[in-house]
Structures are given as structure tokens and as C-alpha cells.
There are 2 protein chains.
Amino acid sequence: MNKQTKKLTLDDIGALAGVSRATVSRVINDYPHITPEVRERVQKVIVETGYKPNKIAQSLASNRSGIIGLVIPHAVQTILTNPYFLHLINGITQTTNACGLNLSLFLFHSMNEEVQMARSLFYTNLIDGLIITADRKENPFVKQVIQHDIPFVFVGRPQIKVPISYVNVANVMGAYLAAEHLINLGRRRLAIIMCDHNTAGDDRYKGFRQALDDYHIEIDPQRIVRGDFSLESGYVAMQQLFPTVPDAVFAASDMMALGAQRAIRQAGLIIPDDIALVGFDDLPQSALAEPPLTTIRQPIEDLGIEAVNLLNEMLCQKIGLPRQIILPVELVLRAS
Amino acid sequence: MNKQTKKLTLDDIGALAGVSRATVSRVINDYPHITPEVRERVQKVIVETGYKPNKIAQSLASNRSGIIGLVIPHAVQTILTNPYFLHLINGITQTTNACGLNLSLFLFHSMNEEVQMARSLFYTNLIDGLIITADRKENPFVKQVIQHDIPFVFVGRPQIKVPISYVNVANVMGAYLAAEHLINLGRRRLAIIMCDHNTAGDDRYKGFRQALDDYHIEIDPQRIVRGDFSLESGYVAMQQLFPTVPDAVFAASDMMALGAQRAIRQAGLIIPDDIALVGFDDLPQSALAEPPLTTIRQPIEDLGIEAVNLLNEMLCQKIGLPRQIILPVELVLRAS
DNA sequence: TGGTTAATTGAGAGCGCTTTCAAAATATTG
DNA sequence: CAATATTTTGAAAGCGCTCTCAATTAACCA
């Protein structure tokens, strides 16, 4: 409130309120056993002086920094054009702000940096817990983190056998919905642009196949092609698909769907008349595409929210066993 | 290296190396006057034990946390689909990683949150310095931060009279280049989709006008319309422009240019034959647009890099007076 | 070789907070 | 009302590090 000439300390506040430093600490931390009259007096001084406790000192004494780290491994480069992270960060910060946590960002630009910085993450006591984006299947960071006793939550399902905590979206179900939608449209020459770099890609492929099985539809192996979630890869993948004359394509990501869309348009074909197209993600640009892209919406911000909440519970010891949270997805019908 | 059963402290290392805690601290912090033999012995122990100093304790003792904050005021919501921030963050983390700083993210979701959290930013000793994105002209955070003695650097030019440190791109020059390009193309019925919500918009408008003046070209006031940097606003703005029959449009942001592009296409006009279009930003999607968008490229990552470097210098007291860094932009010729 | 000066090291006092432990104050009971 | 149980408070010991200051040791010169 008032401009402070000098940094105030607990002792200063105590002196002003006529109590000991310990008592001030207690009212700040909402301890139960304090005379209401004393509590009030101390609080008055705190407000009047505009005192704010030194977080670093609090951290040292309590062995808890209140800082959690968001780790984005070095695959970022490929992902830099993807608003996914902005939404995730948005959800995360919303929640950290609400529960008084601080968010520190760990973005690695090389394998080397990843290894280097990991050590300082685990050992320096700066960070209470970690939210880690499970981008690739082969993520060395995954192995590192589970060997230490720092609490962590993955966003996305990592590729490991041991049970750990993560939040994820219903990828299998989403892909199932996509395929089912195409089938219900009467299409029978289904194709998929998949991606096997990450578990999300695997799960989406699985859901797609499941739907085909359930509806007793065969898929020509030629109609299964691969991309890497990028627009360019979707474009290229679609080229490979043309000779197989598909009448419906499911792309495991919106970016790939957008790439495919471009290839289809350039081939002089009409969406959805000649080829129906379904993506996965529901990025903002998908709604703006021409024609607007039918896709599977995943609640990215909720992913962030749930991740922080889960981690926070772990930090407060409220939770013992690893827990998995799967968020629902939905089919967004548009013109493709 | 080895799995630590218990957290090691400076004293432990000292005991193992047969020196005092102070000496260990000195070798960790690269102090000059230490016998090579002692330094080596201590370093050996550090490596063998895998000791990492407790950053919180270091911070408390040195009154320096090594954490800098990136503040993104609450206008973000409108900007969340904009990869600008991803690039900025990329540049920033690249540099913080390199110079051993930690990056903490402060993303506000409401005016209220902004005010609330500002206090804890300034007073809790957690953060050494701030990088602030100057999004809007009326940013209350700006006033708050300059009233405190926390070091800060703005990204983008804030709207205030007092001299402060910031990094920015040559907006005026960029817009000048854009207009000049259109003029050199032989166009004379120039129009602009501007934005007066932020200083970047102001500066770009200024550069545009400057070019018109220099080339003695009149502009019909009807051909000056406003948007808010979003695709939708560019689309709407372009509609307003059609009656004035422009043969060239400069949009103050790529997103608006993309919106305008859509409007032009839907009006059945050809880019660039009927209307030439130039944007500003060089977003990834601009290169992928159809036709690919001619635009002004701004080095967003460099903005982040320079911001961190500047702030770091301020933190190390290497710098006294506020400094401004203006990064160059370039015209990217594409098909529009 | 004794006397100076400079380089190297250790002791110890904090940094501002939390938290235990015991003392003081208050409430409860027979 | 004395004796006991219960709250409320303060003293003080850390948390793990930095950094000053003084002591020790090595280096230098006449």
C-alpha cells in the first residue's frame, strides 16, 4: 500500500504490533490458536505497512518454494507453430494463479540442454513439482524424472510401464467418433493419416481401427499413411493417398488435416463431396479453414487445469497413489 | 551422479574435502583466490557426490533469486491464437537457459488478477527482474511497475513519457517499406487496415503515412479503416474498404491481412491483380496462405533474446540508464 | 634471515522466515 | 479455591547459503 523505504521483516511487524515474530508468522499462515484480538491487531499492522513476506525466506524455512515447473522437451521446434501450448499454458496459469503457485517454464532447445538442466531441476530445491508434456514416445526425460522423488504429472500419456500420474484426453474415443462419423456418412473407402511418434498418435490410430472393426469395414493398407502432426506432413501424406482413391480421410491432427485439405483442393477435388475430412484437436484455424474443418475437440485448457490440481494435491500429500485423469472429447461437426 | 540418500550441504562437501564451507562456496562461485590444488580437490568431491547447491538458500543469502518473470497482461485472451508468444518465449528461454536464469510466467486472466498479483511480484523478493509485454496502450501494469525499483524491460514500446528500457522492432520503418513496396508496384489507390489499440499499430500507421508523404501520394480518408489485429476484424475491415475500390491494402498485422484476404477472395477479386496485399509479422501461416502473403518480417525470437540480455545486464549493474533496442524488420516478397 | 606484503583460508554473523519447545496465561474441574 | 488441563505466546534453533573480517600461510625483498 504505502511505499516502503526499506524492506520490512517479520520482526518489524512484530515490534509494531507488540508481539513476537512467531506470532506474526502464525497469523500470516492462518494458524488456529490465536486470540482474535491479537490476530486483528497484527493484521492491521500488516495492511497498514503493506508488508509482504519474503518468499525466498519462507521457502528456505519451510522447504517448499511454491514453484512448479512446466517442462516442454525439445521437440518444441516442431510445435512452435502450434497454439496447443498457448492453451495449455493458459489453463495452467489460471489454476496456479488461483492456488498461489508460481509457474516456472523449462523449455529445452536441444537434447543436451535437456540433460543439463534436468539435473538442476531435480537437485536444487527450487521447484516443488513438475508438469511435463509427454510429446514423444522416446523421451529420456521421462526416465530421469521417475528416478527422482520430485512429484510430477504428465500431460499426455507417456510411454512407460510403471504407473504414474497423468492427465490425458480420450484419444481412442475421439478417433473412434471420427471414424464412426465418416462411416455414418456412408463412406466406405476410409483412409487415415496417422502418426506414430507419440502415444496420442498411437491411441488415435487404435480408436480408428476399433471403429472399423466394430462396423465390419475393411481398410486397404495403402490407405494408412504417416505424418508427423505438421501441416507439411499432412500435405505430403495426402498425396500418397490419392492413388488409393479414398472417399474419407481421418487425420490424427488438425494441422495434418489442414495440409491434406490443401492437397485435396490443389488436386481439384471437393471437400466433402469427393473426400470427407476429419481432423483432431479443434485448433482455432480449423474453424476458419475453407471449408471449416470437422474435427474432434479436445479440452486443452482443462488439461492444464487438471494437471495443476492433481500436482497440487500431490504436493499437499493429499494423494498417495498415481492417478490418471482422462478428459472427454467431442465431435465438432463442420463442413468437411 | 550418484543417487543421494540425503540432501548434501556445503558443510558436508567441506568436510569431505577437508576444507571449510566458505571455501567450497568460493569454488562453486568461481572466486579468484583459491589454490589450484584445493579447488581441484573440492571439485572432485562435488562431482563424485553429485552435489548441487540449494538455490533457495543461495537466493536468501545473496538476495538474488536468479528468477526473472515474463508478464503477459490479460489481453492475452485475444492473442491466444497468435504464435507470436510462442516465438517470444522461445527466444527468451533460449537466453535464460544460456545465462543460468530461471523464467517464471505471469499470465493474467483478468484486470483483478493483474492488480492482485502485481503486488506479490514487487514485494516478495521472488523475482529479480521483469520482462513485460506492452500489449495495449492503456496498461495499468506499466504505471505500477515503474513506481517500484524492480528492474524491468518492456517488449514493445509502452505508451509513457518517462524513459524506460525496452526492445522493439522497427515498426515505423516496416510499414514504410510495405507502403513503398505497394507504391513501387504502381499502385496509387492505397488503403490501410490499421489498429490504434497499441503503440505498434500507431507506429505502423505512422510509417505508412510517412511513405505516402514522401512519394506525394494522397490517401482517401475512406481508405483508412480500423481493426484489432484479429483475423475477424481484418475481414470486417476489408468489407468496409470495398466501396472505395482500393488497388493495394496494407494490413498492420498478418492476422488482419489473412482476414482481408478471405474477404477479397469471397468478393471474387484476385490477389494481387485486383488488390495487392501486404501484412506485418510474417507468421508461419502467412507463408502457407493462398496466395502466400507478402509481409514485413519481424524477428520475434530476437526480441526475446535481446530482452533477456538487456535485463540481465541491468541485474548485473552493468547498466545505468534506460536503454532502447530497436530490431530491424524486412520486407518478405511473396505472391500477394 | 627477519620483516613486509600479498594470497589463501576459516570462523561466524547474518539473510527472513518456520517451527519446536517450554513458559505464561487462561479455562476447567472436583 | 487449589489443582489440573488447555490455549496462547515467545525464545531460540535452525533452513543452507554468502560474505566480511581476521587469522594463517606463502611470497618477496633487503
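Chain identifiers are assigned alphabetically (A, B, ...) following the order of the sequence lines, protein sequences preceding nucleic acid strands; residue numbering begins at 1 within each chain. No experiment lies behind these values; they were computed from the predicted model shown.
Using a 4.5 Å heavy-atom threshold, the side chains of B:Val167 and B:Leu327 count as separate.
Contact between the side-chain N/O atoms of A:Thr23 and the OP1/OP2 oxygens of D:dG10 is found at a separation under 4.0 Å. Side-chain N/O atoms of A:His33 include one lying less than 4.0 angstrom from OP1 or OP2 on D:dT8.
With rounding to whole Å, A:Ile34 atom CD1 is found 16 Å from D:dT6 atom C1'. Distance CG (B:Asn63) to C1' (D:dG16): 16 Å, rounded to an integer number of Å. As a whole-Å value, the separation of A:Arg64 CZ from C:dT19 P is 11 Å.
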Checklist outcome for this item: Nucleotide by nucleotide, nucleotides 13-18 of chain C touches protein heavy atoms under 4.0 Å in the pattern (B base, S sugar-phosphate only, - none) BBBBBB

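Ring pair A:Tyr123/A:His148 is perpendicular by interplanar angle, where above 60° counts as perpendicular and below 30° as parallel. Taking the six-membered ring where tryptophan is involved, the planes of B:Phe154 and B:Phe152 are perpendicular, since the angle between them exceeds 60° and thus also 30°.
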Item to check | Steps toward side-chain contact (heavy atoms from CB on, under 4.5 Å) verdict (A:Ile68, A:Leu315) | outcome: CA-CA 10 Å; A:Ile68 64 174; A:Leu315 294 179; 3.9 Å; yes

Item to check | B:Val115/B:Met111 under side-chain contact (heavy atoms from CB on, under 4.5 Å): CA gap, chis, key distance, verdict | outcome: CA-CA 6 Å; B:Val115 175; B:Met111 223 44 154; 5.6 Å; no

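Taking CG of B:Leu130 as the reference point, atom CZ of B:Phe141 lies at 5.0 Å (rounded to 0.5 Å).
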